[in-house]
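Take a look at the structure below.
When a ligand or atom number is given, it counts from 1 through the structure's own listing order.
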Amino acid sequence: MSGAFVRVCGLSELEEDTPKRVELDGTPLSVVHTEGEVFAIYDICSHANVSLAEGEVDDCHIECWLHGSRFDLRSGKPDSLPATRPVPVYPVKIEGDDVLVSLSQES
Ligand code: FES
């Protein structure tokens, strides 16, 4: 169903500031619990084919480990070179211990 929120993992499986890589309908995502919120960002850096989930989280950003671009978890926008294009971010809902993501509307 389009627009549906789908469970990707349990909230209790997420360690604060440690990205978790999941797949939803074949789309790789990094799910990040930080600063009291949960974010879902497309897991591939917009600069090269690198998993963002392997990078570090700080100040609501996730850093690509290869060349160090930092992507805002709220907007997907990079705030430093070499990446210049944003990566998609997706809406997240928490229901009990379930983390739900909708792929239909990038936010
Ligand atoms: S691959 Fe991510 S910044 Fe280069």
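L52 is not listed as a side-chain neighbour of I44, based on a closest heavy-atom distance of 4.5 Å or more.
Only protein N, O or S atoms were scored, and 2 of them lie under 2.8 Å from atom 2 (Fe) of ligand 1.
Sparse packing is recorded around CD of E15, with 12 or fewer heavy atoms of other residues, nucleotides or ligands lying under 6.0 Å away.
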Ignoring hydrogens and angles, write down the donor-acceptor pairs under 3.5 Å from the side chains of residues 77-85, residues two or more places apart or on other chains.
from: D79; atom 1: OD2; to: R70; atom 2: NH1; distance (Å): 3.0
from: S80; atom 1: OG; to: R70; atom 2: N; distance (Å): 3.2
from: R85; atom 1: NH2; to: S46; atom 2: O; distance (Å): 2.5

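In this structure, D59 has no salt bridge (Lys or Arg N to Asp or Glu O under 4.0 Å) partners at least two apart in sequence or on a different chain. Remark: H61 engages no residue in a ring-ring contact (aromatic ring centres under 6.0 Å, His included) (not counting sequence neighbours).
Counting all heavy atoms, side chain and backbone alike, D17 lies closest to T34 at OD1-OG1, 2.5 Å.
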